[in-house]
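So the structure is just underneath, and the comments pick up after that.
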Amino acid sequence: MLLMCNVVFAQKTFQVKSPDGKLGVSVKVDKAVSYSLSYDGNVMVAPSNISLEIKGAKSFGINSKVKSAKVTSHSGAIQAFAYKKSKVNDVYNELYIQFKENFSLIFRAYNEGMAYRFVSNSPKDFTVTNENAVFTFPQNWKVFTSYVRSDKAIETQYYNSFENLYTHTSLSELDPNRLSFLPIVVEADNGVKICLAESDLEHYPGMFIRNFDHSQALKGMFAPCPKTTVQGGHNMLERLVTEREQYIAQCKAKTNFPWRIVSISTEDKQLLNNDMVYRLASPSRVDDTSWIKPGKVAWDWWNDWGLYNVDFKVGINTQTYKAYIDFASKNHIEYVILDEGWAVNKKADLFQIVPEIDLKEIIDYGKSKGVGIILWAGCYAFDRDMEHVCKYYSEMGVKGFKVDFMNHDDQQMVDFHYRSAAMAAKYKLMLDFHGTYKPTGLNRTYPNVVNFEGVNGLEQMKWATLKDDDQVTYDVTIPYIRMFAGSMDYTQGAMRNSTKRNYYPAYSDPMSQGTRCHQLAEYVIFTSPLNMLCDCPTHYEKEQECTDFISAVPTVWEETVPLDGKVGEYVAVARRSGNIWYVGATTDWTERSIDLDLSFLGKGNFEAEVYCDGVNSDRTPSDYQKIKMEIPSSRKLTINMASGGGYAMKIVRK
């Protein structure tokens, strides 16, 4: 439906509001194009310039002339696949501005935020030398941001693993010599949180954020296109950029550029249930998704193939993997992964298998036990003969690949992700992109892409000290920020747990920071359609009660209800699959009690299976209690969590 467009052409100012009228976007076209954002009458983003610099042609957004403008409304819903809910509401008002210079600008206003994108109307291919994406804030608010780990020259920072803890500081105190990767969260007044993210990133580099001059403005930064690359990096499995071009993207005619997202939350917990990234992504290009089966994965690498009390030598060999399959089958775990080591080291050739592995035997054995096999692959090895790899291993019976060590998000690497997704879908293979950038909606466009890393996950506990990595605090930060973008290959599930005082890194027998229930709750809190059990089967067999809970938790949800939380302090969320609800809560190193409102259950009588921190978990963090309880008719429940603790609950109707 066409709405009245609030346009004053003489002033070249265009406005659009969210459906509830609280969020307002104002776009001004002058010598430059700028936008501003308000919420409830308060300025969230002050006027900020946006443009695209085009090689050999006039820039989009500089001295541009408006041809037409209109505002329309849309009200619909998206049927989501392998997501935190089954239906995503898609309700917005849209401002569409067409310019005489063969481009358009689209601004969408949702109740929970705004997004804008450039669209090329040019009939010819073209080259983008740079993008000007600015986010100017009216005050020197604080921000949660993840810097890239490198502090060397900016051009070297584009190569990174997109893993780091969060820095909490004011906008003006951000390091001007460091890039940050998205999403980031800015703390506005009155508890409002502003989250910056992007969606529908295709054939274009990902956006980093930088504050050049200790101001209150953040500016988008983009890796230039690779000019030359070489094989190298970890075990010769990476594609390293040795020289870059003087432009960021070569674009086809009629290109749709990525959506730039500015989300508004009046309560921290709203960040736990935001759908902006998913809904703005391109619709599925996979017609038949019936073969895509999310599930749990028994994982070998974190526990260093650490089986014990067995009568064979464990390691990367057929007998060890058969034992993992036996464990998975017994515990209704859908997959076993063969991580790094099954292919000959430093050859980057997925057809050279180590002699200790009989891959066909392992796959057939898994099939006989109802367990699928997923293979790990380095980026370079997977890319060098992608179709042959996918076809060969699909025909052998492999269910998917965990592809690792991409470590940059320039246009070439973003294209690799889309090519991989399309090729894997052709041969009915799922993909878990490890060593990659944050999700930008690719999982909607290619639903066979079931997980992403781009997170400082539990693997860090194999080598990081508490001084270097406060994982417990990170755990109650990422649900609001990193998980805003999409699912996380975090790899939780440690059965060795530690207090703040007793933690130490251990490569072959690692532990988690925090309590056992902290680990259990993460299976509810963290969204991960392909979800790892990081510890070794022997540990799980000794902790069968916890293993039963983990194996039963769904990896895909029909409904999500955020319950309570504060960024960096604690989090509580409820999720539903079928008629069963799960609740997960975790806290930082502060022991705390929180009140939960379970009114989402509706009418009826409900009972719960609860896993809570034991009375001695402050000394022995693996201590927990499993209890049965009835849900109060008031639907009010107070829960207690130890330092670094957690709480997990399964609720069923009586």
Side-chain angles (χ1 to χ4, degrees), residues 50-55 59-61 103 115-120 125-135 145-148 150 153-163 178-184 196-210 212 218-229 238-252 255-261 277 280-282 379 383 403 405-421 433 435-442 445 449 452-454 485-486:
I50 54 175
S51 61
L52 288 176
E53 298 175 17
I54 310 301
K55 183 178 181 180
S59 296
F60 295 175
F103 78 95
Y116 76 85
R117 82 185 319 175
F118 284 91
V119 175
S120 167
D125 296 348
F126 58 98
T127 298
V128 177
T129 56
N130 198 18
E131 177 179 347
N132 189 34
V134 179
F135 308 87
T145 190
S146 271
Y147 293 122
V148 303
S150 170
I154 290 294
E155 57 268 22
T156 68
Q157 292 183 37
Y158 291 119
Y159 175 82
N160 78 100
S161 62
F162 301 88
E163 301 169 302
R178 299 284 295 278
L179 295 178
S180 295
F181 48 85
L182 297 177
I184 70 169
L196 304 184
E198 63 181 336
S199 182
D200 215 27
L201 175 66
E202 182 173 8
H203 201 56
Y204 200 77
M207 183 169 70
F208 293 85
I209 291 292
R210 184 182 179 190
F212 280 85
L218 303 179
K219 180 175 174 56
M221 298 286 291
F222 305 88
C225 275
K227 185 175 184 178
T228 57
T229 62
E238 302 179 53
R239 190 178 296 280
L240 304 179
V241 180
T242 55
E243 186 179 5
R244 293 190 180 273
E245 302 281 5
Q246 297 299 307
Y247 53 83
I248 64 172
Q250 291 182 309
C251 300
K252 301 292 184 183
T255 290
N256 290 327
F257 290 88
W259 288 102
R260 308 280 168 238
I261 296 170
V277 173
L280 286 163
S282 293
C379 167
D383 196 22
V403 185
F405 287 103
M406 283 68 82
N407 289 348
H408 46 107
D409 68 348
D410 47 47
Q411 185 183 40
Q412 183 184 87
M413 188 54 72
V414 170
D415 285 351
F416 164 79
H417 283 71
Y418 276 81
R419 286 190 294 106
S420 300
F433 282 125
T436 189
Y437 54 90
K438 81 284 176 187
T440 59
L442 179 59
T445 309
V449 179
F452 306 83
E453 193 187 20

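Since the model is a prediction, treat every value here as computed from it, not as a measurement.
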For this session: Identify the two heavy atoms, one from Gly441 and one from Ala281, that lie closest to each other, and give their separation to 0.1 Å.
Result: O-CB, 3.3 Å
Exercise. Of the non-hydrogen atoms in Met221 and Ile154, which two are nearest, and what is the gap between them?
Worked result: CE-CG2, 4.2 Å
Exercise. With no hydrogens and no angle check, do the side chains of His203 and Thr255 hold a donor and an acceptor under 3.5 Å apart?
Worked result: no
For this session: Assign the ring pair Phe60 / Phe126 to parallel, tilted or perpendicular, where the plane angle (0 to 90°) is split at 30° and 60°.
Result: tilted
For this session: Return yes if some donor-acceptor pair links the side-chain N/O of Ser199 with the main-chain N/O of Trp259 below 3.5 Å, else return no.
Result: no
Exercise. Which heavy atom in Val128 sits nearest to a heavy atom in Tyr247, and how many Å separate them?
Worked result: O-CB, 3.4 Å
Problem set entry | N/O donor-acceptor pair under 3.5 Å between Thr445 side chain and Ser282 backbone | yes
Seminar exercise, completed: The reported gap from CG in Asp383 to CZ in Phe416 (rounded to nearest 0.5 angstrom) is 5.0 Å
Exercise. Are the side chain of Gln157 and the backbone of Leu179 linked by a donor-acceptor contact shorter than 3.5 Å?
Worked result: yes
Exercise. Do you know the tightest heavy-atom contact between Leu182 and Leu196?
Worked result: CD2-O, 3.6 Å
Problem set entry | Between OH on residue Tyr159 and OG on residue Ser150, distance to nearest 0.5 Å | 11.0 Å
Exercise. Rounded to the nearest 0.5 Å, how far does CZ of Phe222 lie from OG1 of Thr129?
Worked result: 12.0 Å
Problem set entry | Contacts of type salt bridge (Lys or Arg N to Asp or Glu O under 4.0 Å), residue Glu131, not counting sequence neighbours | Arg260
Exercise. Can you name the nearest heavy-atom pair linking Val277 to Thr440, along with the distance?
Worked result: CG1-C, 3.8 Å
Exercise. Taking only residues two or more places apart in sequence, or in another chain, which ones meet Asp200 in a salt bridge (Lys or Arg N to Asp or Glu O under 4.0 Å)?
Worked result: Arg117
For this session: Answer yes or no: is there a donor N or O on one side and an acceptor on the other, between the side chain of Arg178 and the main chain of Tyr147, under 3.5 Å?
Result: no
Problem set entry | Side-chain donor-acceptor contact under 3.5 Å, Glu198 with Tyr204 | no
Exercise. Atom OH of Tyr418 and atom CG of Leu201: how far apart are they, to the nearest 0.5 Å?
Worked result: 6.0 Å
Problem set entry | Residue among Phe452, Phe208, Phe405 satisfying ring pair (Phe, Tyr, Trp, His ring centres under 6.0 Å) with Phe162 | Phe208
Seminar exercise, completed: Taken to the nearest 0.5 Å, the spacing of Glu245 CD from Lys227 NZ works out to 5.5 Å
Exercise. In Å, rounded to the nearest 0.5 Å, how long is the span from NE2 of His417 to OG1 of Thr436?
Worked result: 2.5 Å
Problem set entry | Worked check of side chain to side chain contact (heavy atoms under 4.5 Å, CB included) between Glu453 and Glu163 | CA-CA 9 Å; Glu453 193 187 20; Glu163 301 169 302; 2.9 Å; yes
For this session: Please step through side chain to side chain contact (heavy atoms under 4.5 Å, CB included) for the pair Asp409 and Lys438, ending with a clear verdict.
Result: CA-CA 9 Å; Asp409 68 348; Lys438 81 284 176 187; 4.2 Å; yes
For this session: Evaluate the side-chain proximity of Ile50 to Asn132: yes if any heavy-atom separation is below 4.5 Å, no if none is.
Result: no
Problem set entry | Step-by-step side chain to side chain contact (heavy atoms under 4.5 Å, CB included) determination, Ile54 to Phe103 | CA-CA 11 Å; Ile54 310 301; Phe103 78 95; over 6 Å; no
For this session: Show your working on side chain to side chain contact (heavy atoms under 4.5 Å, CB included) between Glu155 and Arg244 and close with a plain yes or no.
Result: CA-CA 9 Å; Glu155 57 268 22; Arg244 293 190 180 273; 6.0 Å; no
For this session: Can you see which heavy atom on Leu280 is nearest to which on Ala115, and at what distance?
Result: CD1-CB, 3.6 Å
Exercise. Considering only heavy atoms from C-beta outward, does the side chain of Pro439 approach that of Phe433 to under 4.5 Å?
Worked result: no
Exercise. Do Met413 and Cys379 come close enough that some side-chain heavy atom pair is under 4.5 Å?
Worked result: yes
